[in-house]
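Structure, as C-alpha cells:
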Amino acid sequence: MLEVSAMDIRKEVIFMANEVLSKMCKAVIDGDFQAVPIFTRQALDAGVSPQKIIDDGLSAGMSVIGQRFKAYEIFVPEVLIAAKAMQAGLEALEPVLTQSPVKPKGVVVIGTVYQDLHDIGKNLVGMLLRGAGIEVHDLGTNVPPEKFVEAVQELKPDMVGMSCLLTTTMSNMERTIKALREEGLRDKVKIIIGGQPITESYAKKIGADGYASDAGHAVDVVKGLLGIAKSSV
Amino acid sequence: VSDDKIKEETIMTTGKERYVTTISGGKPDKLPFFVGNYNNFITNYYGITVREYLDKPARTAELMVRFVEEFEFDQFLAAVGYILYGCGPEMGVKWEWAGENFPAAVEGPIKSEQDLEKIQIPDAPTGYFKNYLEMIRLINEAIGDRVFVTASILGPFSTACFLRGVQEVMIDTKLNMTLFEKYMAKCVEISKYFGRNMYNVLKTPMFNEIFLIPELINPRFYYQHIVPYIDKVCHEFNLINSFSAFVGRPDDEASRKAGRILYDALFGTKESLEVIEEALKHVIPGFPFFVAVSGRMLVNWPKDEILDFVKKGVDLVRSHNLYPAISLISVQPPSPESAQDVADKMRRINEFRNSYSL
C-alpha cells in the first residue's frame, strides 16, 4: 500500500505551483494574453501568493522580455504583446489584491516632457517597469514641470522618469529638475532621463541621477538606483 | 587618360554636381555638405511661427532658400515637417499642438476594417499636403539648378503608422494580420498618390519611411510583410528603399549588427569616432559615407568639439580611400538664442569643408 505523507503532498503542491508559474512566465514571454489569466487563477487556486505570482510568473516573464529587447533579439511588437499578457495577469489578480496587497518594489512617476507629444519610448519603459514589479504612474505627454512637481508632492515616488524625442524639448528636462529643486523636492526623488537626443553626459550636465539609452536599459538603471539590482548608471 | 581620371579631375561648380559626383563614388571638388531636418531652425532663426511655417508656403520656401544659400548646402531635403507629408488632418489624422512646437500625430482614423472605406484618396492635393508640394515647387524653381533638391515621399508603412497609430500597427503585426494587410494595401495606394503628386513638382524625390528604425521590427517580418508593400511604391516610381541596408538579413546576427552600426554612424544616433571606424568596415558600395552631425551635437556640444569630431571623422573616412561628406542630420535649436549659436557652428563647419583638401 502506497503511503502518502503530508510532506509528499506539500512537495507535490509546490511542484504544481512552480509548474504553473513557469507556464505563466512562458505565456508572458510568448504574449499569450489569453493563457496568462488562466495560469494566474490556477496559481491562486494552488495557494500561491499574489506577490509570488507577480515575482516568479509575470515579472519573471517581463524580465526575459526586457533582456531580449535590450539584446535586439526581439522587437517592439513582442514587448507590447508581452505587456498586454502581463496586464491580463494583473487584472486576474485584482480581486485578491485588496485582501493581500502586493508591495511594489518602488514607485516611479514617468512622463514625456513639456511640448513633446511622443510617447512610444515612454510607454515601453512604463510597461517594462511594471513588469519588474514597480508601481508606475504615467503622467502622459506634454507634461509641464509643475505637473511633475505636483505628482511628486502627491504620490511621493522614489523616482521621476522623463522622456523626450526632440532636441527642442530636451531643455524642459532641466527646467523640470530646477522646478523640483525650487520646491525642495529634488533630494526626495531619484531622476532618470532618456529619449533619442539624450546622452549620459547631458544627464550629468542637468543633474539627473541616471540615463538610459533605451527602454531595456531603463529597467536596469531604475533597479540600480532603487537598490533592487546592480547597475551601471 | 582614362574616363575615371577625367572624372576625378573635373572641376565641380555647383552643389548639385558635387552631390551627384559623390553619390556616384567620384571625387568631388570639395567636401559635400548635406542637411536633413531643420524646421525648428527656420522658425527660430528667421523668426516665424510654426503656424506660419506650415500655412504660408511661399514665405517658408523663401526662408528655406535663404537657409540653403546662407550655409551653402549641396543637397537639400525640402520642406521638412511630418504634418506636411500627406497624412495631415486632411486625411483624418488628429494632430495635437504643444506650445510653440511642431504638432505631432496623436490619433489615426483607422479603428476597424470599416474605416478603410471612409478614407478617400483626393483627386487633387489638399490641406497641408498641398502646401508641402507648393513649397517644394518654389524651392526647386529657385535653387534646383545648382542644389540637389530632394523631398520625402511617405512610404506605405509610415502612412499606416499615421492612419492607424504606431503602437496599434505594432500590435496588429502580432494579433490582427488580416487588418494589417488590408490597410497596408490601402496605404500603398495612398503612398502612390503622394508620389504622383510629388513628381509633378520635383523629379528627384526620395522614398522615406520615417517610422522605420532598426530596433522597431523583426527583420524577418520586415522582409516578409512590409517590403512587398514598399516595393509596390518603389517600383512604380523607380525609387530605392535604402532602409533595407540597415536591417540586415533575418537570422544573421552579423549582418544585423552591421546594419545597426551603419545606421548609428550615418544617422548620428551614436556620434563617436569608434562608431565611424566600425561602420567603415560595413560600407555599402556606391553609397556616400558621410560624417553625421546630430541635432544634440549641434545644440549641446561646444563649437571646437564639433569641429574636432568632424575633422577627425572626415580624416578617418579618407584614410579608407573613400570620399566623405558632412551631413547635418538634425538642425533643431530649441530657441532663437540657440539658433544663433547653431548658425555659428554651421558656418564654422562650412568654413572647414571649404578649406579641407581632398
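As the structure is a computational prediction, the values presented were derived from the model and not from experiment. The chains referred to below are lettered A, B, ... by the order of the sequence lines, with proteins before strands, and numbering in each begins at 1.
- In this structure, Arg296(B) and Ile198(A) approach most closely via the heavy-atom pair NH1-O, 3.6 Å.
- Residue contact with chain B, scored on non-hydrogen atoms closer than 4.5 Å, involves the side chain of Asn123(A) exclusively.
- Proximity to chain A is absent for every atom of Ser294(B), based on heavy atoms less than 4.5 angstrom apart.
- Residue contact with chain B, scored on non-hydrogen atoms closer than 4.5 Å, involves the side chain of Leu166(A) exclusively.
- At a 4.5 Å heavy-atom cutoff, the contact between Ile81(A) and chain B is made by side-chain atoms alone.
- Taking each heavy atom of Gln332(B) and Thr167(A) in turn, the nearest pair found is O-OG1, 2.9 Å.
- A pairwise comparison of heavy atoms in Phe33(A) and Leu175(B) identifies CE2-CD2, 3.4 Å as the closest pair.
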**Report entry** Audit row: Val299(B), Met170(A), side-chain contact (heavy atoms from CB on, under 4.5 Å) steps and yes/no
**Finding:** CA-CA 10 Å; Val299(B) 171; Met170(A) 59 198 281; 5.6 Å; no

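- Put simply, of Met297(B), Lys257(B), Arg260(B), the one with the most heavy-atom pairs under 4.5 Å next to chain A is Arg260(B).
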**Report entry** Worked check of side-chain contact (heavy atoms from CB on, under 4.5 Å) between Glu215(B) and Asp214(A)
**Finding:** CA-CA 10 Å; Glu215(B) 61 267 35; Asp214(A) 56 51; over 6 Å; no

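- What you find for Asn101(B) and Gln115(A) is that their closest heavy atoms are ND2-O, 3.3 Å.
- Your options are Asn40(B), Leu216(B), Val169(B), and the one with the most heavy-atom pairs under 4.5 Å with chain A is Leu216(B).
- Cation-pi geometry between Arg256(B) and Tyr72(A) is not satisfied (NZ or CZ under 6.0 Å from the ring centre, within 45° of the ring normal).
- What you find for Pro334(B) and Thr168(A) is that their closest heavy atoms are CB-O, 3.5 Å.
- Taking each heavy atom of Pro214(B) and Phe75(A) in turn, the nearest pair found is O-CE2, 3.7 Å.
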